[in-house]
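Predicted model only: the values in this text are computed from it and were never measured.
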Amino acid sequence: MHTTISAKLINITAAALTGAALLFGSGAAHANQILARVSLSQQTMEVLVDGRPTFAWKVSTGGRGYVTPTGSFKPTRMHEMWYSKKYDNAPMPHSVFFSGGYAVHATYAIKNLGRPASHGCVRLHPDNAADFYQLVEAFGPANTSIVIVK
């Protein structure tokens, strides 16, 4: 239910912003931009759509002995369901890859959200990962930035 409502909201938002960009022409050059800002120190991900805070979620990033890369990235590929070739075919639902094998994706270990626990990926609650995946799909990877800061 939550995913269906979120998907409808995302699709309506995408359509409205696309319509505004067409209506206002070049003045809306920055329309349809997604910024996902991941804070390693706070273990959170804030999603802004056209500069407006839209979502704020708990995440799990690289645990002891593992690193989550910092910097600014663009999604390189997306998979509704991916299985890690490196970590025993671990499921990675709603994967948005941004640097080599690093991705924003769902986790079933939701009790670990809010603290470092991954092998370097950015893990989200399954509902939030589905929302983020649909948002990137609707707005496009070229219009999405994933920024990871300490």
Q) Are R64 and P116 side-chain neighbours, meaning at least one heavy-atom pair lies under 4.5 Å? A) no
Q. Are V38 and T44 side-chain neighbours, meaning at least one heavy-atom pair lies under 4.5 Å?
A. no
Q: Spell out, as yes or no, whether a donor-acceptor pair under 3.5 Å connects the side chain of T144 to the backbone of V136.
A: no
**Q.** Remaining members of hydrophobic cluster (4.5 Å side-chain criterion), Y87
**A.** Y66
Q | Co-members of the apolar cluster containing Y83 [side chain, <4.5 Å] | A | M81, Y108
Looking at every non-hydrogen atom in both residues, tell me the closest pair between [X] and [Y] and how far apart they are.
{"X": "M78", "Y": "E137", "answer": "CE-N, 3.8 Å"}
{"X": "Y133", "Y": "E80", "answer": "OH-N, 3.2 Å"}
{"X": "Y102", "Y": "V67", "answer": "CE2-O, 3.3 Å"}
{"X": "K74", "Y": "P141", "answer": "CD-O, 3.9 Å"}
{"X": "N143", "Y": "F139", "answer": "ND2-O, 2.8 Å"}
{"X": "M92", "Y": "A103", "answer": "CE-CB, 4.1 Å"}

Q. What pairs with F97 under ring-ring contact (aromatic ring centres under 6.0 Å, His included), at least two apart in sequence or on another chain?
A. H79, W82
Supply the atom-to-atom distance [X] [atom1] to [Y] [atom2], rounded to the nearest 0.5 angstrom.
{"X": "Q42", "Y": "R37", "atom1": "CD", "atom2": "CZ", "value": "7.0 Å"}
{"X": "D131", "Y": "W57", "atom1": "CG", "atom2": "CH2", "value": "5.5 Å"}
{"X": "L48", "Y": "I34", "atom1": "CG", "atom2": "CD1", "value": "10.5 Å"}
{"X": "T68", "Y": "F98", "atom1": "OG1", "atom2": "CZ", "value": "7.0 Å"}
{"X": "L113", "Y": "Q43", "atom1": "CG", "atom2": "CD", "value": "9.0 Å"}
{"X": "S39", "Y": "E46", "atom1": "OG", "atom2": "CD", "value": "10.0 Å"}

Q.
Just to verify, what does V147 make a side-chain contact (heavy atoms from CB on, under 4.5 Å) with, not counting sequence neighbours?
A. L35, S72, V149
**Q.** Pairing residues for S99 by the side chain to side chain donor-acceptor pair (under 3.5 Å) criterion, not counting sequence neighbours
**A.** none
Q.
side-chain contact (heavy atoms from CB on, under 4.5 Å), that's the test. Do L40 and I148 meet it? Break it down for me.
A. CA-CA 7 Å; L40 299 178; I148 303 174; 3.8 Å; yes
Q | I110 with M45, same ILVMFWY side-chain cluster at under 4.5 Å | A | no
Q. Where do V96 and F132 land on the side-chain contact (heavy atoms from CB on, under 4.5 Å) test, with the steps shown first?
A. CA-CA 9 Å; V96 178; F132 183 65; 4.0 Å; yes
Would you tabulate the side-chain donor-acceptor contacts of residues 117-126 under 3.5 Å, counting partners in other chains and residues two or more places apart, or write 'none'?
from : atom 1 : to   : atom 2 : distance (Å)
S118 : OG     : T61  : O      : 3.2
S118 : OG     : G62  : N      : 3.2
S118 : OG     : G120 : N      : 2.9
S118 : OG     : C121 : N      : 3.2
S118 : OG     : C121 : O      : 2.7
H125 : ND1    : D127 : N      : 3.0

Q.
Within a 6.0 Å radius of atom CG on N89, are there more than 12 heavy atoms belonging to other residues, nucleotides or ligands?
A. yes
